[in-house]
Amino acid sequence: MNPQLTEIRVRGYHLDVYGHVNNARYLEFLEEARWHFFETSGALQRFMDSGLAFVVVNINISYRRPALLNESLVLHTSVKTINRRSGVLHQVIHLKDTEIVVADADVTFCLYDPKQDRSIAIEGEVLQLLEQMAAL
């Protein structure tokens, strides 16, 4: 299974009164794809074992085309940038088996230590793991 790709089928409960996916649902789709990315790359358990958390601090999303009932969407997730204080995941939602972009987003995150109740530097093993994921 490719850790970068997540498929989601549009269901009736995803739709708004206009018959297309509500803008807020895209945030859920993107989150599902991020979980899939971390899970299938083997990174999720390592991050959970560390006791640290990734916290989304900003999402910039562009809606390109409405997604409709029963369409299959493929979400591509990749590590775009990593620096000492934050990282950015780039996500693109395509209509399955096409080059049609439904939406794309840059998701900025920081590394959070709940014991210290603050964000911490991205370094050491966590940095190495993110760099490995960037190479996928």
Side-chain angles (χ1 to χ4, degrees):
M1 185 181 313
N2 187 333
Q4 300 165 305
L5 301 178
T6 305
E7 188 171 334
I8 294 176
R9 180 112 176 161
V10 176
R11 305 294 182 191
Y13 62 89
H14 296 139
L15 305 179
D16 59 20
V17 297
Y18 303 109
H20 52 70
V21 173
N22 180 278
N23 66 304
R25 289 289 183 166
Y26 287 97
L27 297 174
E28 294 172 359
F29 294 172
L30 295 168
E31 183 174 17
E32 174 64 26
R34 290 192 304 276
W35 275 92
H36 180 259
F37 182 54
F38 280 90
E39 238 173 11
T40 57
S41 68
L44 182 62
Q45 191 59 51
R46 290 173 65 187
F47 287 127
M48 293 185 78
D49 291 345
S50 75
L52 303 174
F54 286 95
V55 177
V56 171
V57 295
N58 183 275
I59 297 180
N60 290 314
I61 184 169
S62 296
Y63 303 98
R64 309 285 182 190
R65 173 206 182 268
L68 307 172
L69 183 65
N70 292 323
E71 289 183 331
S72 290
L73 307 176
V74 176
L75 290 82
H76 181 270
T77 303
S78 60
V79 177
K80 182 176 179 179
T81 60
I82 311 163
N83 62 49
R84 184 169 157 71
R85 299 305 301 173
S86 65
V88 177
L89 297 176
H90 183 66
Q91 297 185 273
V92 180
I93 303 173
H94 284 95
L95 194 58
K96 186 178 179 181
D97 297 328
T98 74
E99 295 298 317
I100 298 170
V101 175
V102 174
D104 57 88
D106 284 327
V107 181
T108 304
F109 64 89
C110 69
L111 189 59
Y112 174 77
D113 183 344
K115 291 178 184 173
Q116 299 180 52
D117 192 26
R118 66 178 184 88
S119 65
I120 60 172
I122 299 173
E123 57 190 11
E125 184 180 342
V126 173
L127 177 60
Q128 290 174 355
L129 193 51
L130 285 169
E131 289 172 338
Q132 289 170 4
M133 293 172 71
L136 292 176

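The model shown is predicted, which means the values in this text are computed figures rather than measured ones.
Two different hydrophobic clusters hold Leu129 and Val88 under the rule that ILVMFWY side chains link at heavy-atom gaps under 4.5 Å. Residues Leu89 and Val101 do not share a hydrophobic cluster, defined by chaining ILVMFWY side chains whose heavy atoms lie under 4.5 Å apart. Placement of Val56 and Leu27 within a single hydrophobic cluster is found when ILVMFWY residues are connected by side-chain heavy-atom separations under 4.5 Å, directly or transitively. A single hydrophobic cluster is not seen to contain both Val57 and Val107; linkage of ILVMFWY side chains at heavy-atom distances under 4.5 Å, directly or through other members, places them apart. Val92 and Val102 sit in two unconnected hydrophobic clusters of ILVMFWY residues. Membership requires side-chain heavy atoms under 4.5 Å apart, directly or through other members.
Evaluation of the side-chain hydrogen bond (donor to acceptor under 3.5 Å, both in side chains) rule for Asp117 yields Tyr112 as partners, not counting sequence neighbours. In terms of the salt bridge (Lys or Arg N to Asp or Glu O under 4.0 Å) criterion, residue partners of Arg65 (sequence neighbours excluded) are, by chain and number, Glu71. In terms of the side-chain hydrogen bond (donor to acceptor under 3.5 Å, both in side chains) criterion, Gln128 has no residue partners (sequence neighbours excluded).
The distance from atom NE2 of His20 to atom CG of Leu69, rounded to the nearest 0.5 Å, is 13.0 Å. The distance from the NE2 atom of His90 to the CG atom of Asn60 is 11.5 Å, given to the nearest 0.5 Å. A distance of 13.5 Å separates NE2 of His14 from CG of Leu68, quoted to the nearest 0.5 Å. Distance CD1/Ile100 to CD1/Ile93: 14.0 Å, rounded to 0.5 Å. Atoms CG and CH2, on Leu30 and Trp35 in that order, are 15.0 Å from each other to the nearest 0.5 Å. With values rounded to the nearest 0.5 angstrom, Cys110 atom SG is found 9.5 Å from Ile120 atom CD1.
Although no hydrogens or angles enter the test, the distance criterion places a donor-acceptor pair under 3.5 Å between the side chain of Tyr63 and the main chain of Asn23. One N or O on the side chain of Arg9 and one on the backbone of Asn70 form a donor-acceptor pair closer than 3.5 Å. Panel note: side chain Arg25, backbone Val10; no donor-acceptor pair is recorded below 3.5 Å.
The two residues Arg85 and Ala121 have their closest heavy-atom pair at NH1-N, 3.5 Å.
Note on ring orientation: taking the six-membered ring where Trp is involved, the planes of Phe47 and Phe54 are perpendicular (angle over 60°, cut-offs 30° and 60°). Using cut-offs of 30° and 60° on the angle between ring planes, the pair Tyr26 and Phe29 is perpendicular.
Tested against Gln91, the residues Arg34, Gln4, His76, Glu31 include a single side chain to side chain donor-acceptor pair (under 3.5 Å) partner, Arg34.
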*asked:* Evaluate Asn83 against Ile122 for side chain to side chain contact (heavy atoms under 4.5 Å, CB included), listing each step before the verdict.
replied: CA-CA 7 Å; Asn83 62 49; Ile122 299 173; 5.8 Å; no
*Decide yes or no on salt bridge (charged side-chain N to carboxylate O under 4.0 Å, His left out) for Asp106 and Lys80, but give the supporting numbers first.*
CA-CA 8 Å; Asp106 284 327; Lys80 182 176 179 179; 3.0 Å; yes
*Please test His94 against Leu73 for side chain to side chain contact (heavy atoms under 4.5 Å, CB included), starting from the C-alpha separation and ending with a verdict.*
CA-CA 6 Å; His94 284 95; Leu73 307 176; over 6 Å; no
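With a 4.5 Å cut-off on side-chain heavy atoms, Val21 and Leu15 count as touching. Annotation: side chain of Phe109 is in contact with side chain of Leu130 (closest heavy-atom distance under 4.5 Å).
Look at Arg64 and Asp104 and you find a salt bridge, because one of the NZ, NE, NH1 or NH2 atoms lies within 4.0 Å of a carboxylate O, short of that distance.
The local environment of CD in Glu125 is sparse, with at most 12 non-hydrogen atoms from other residues, nucleotides or ligands closer than 6.0 Å.
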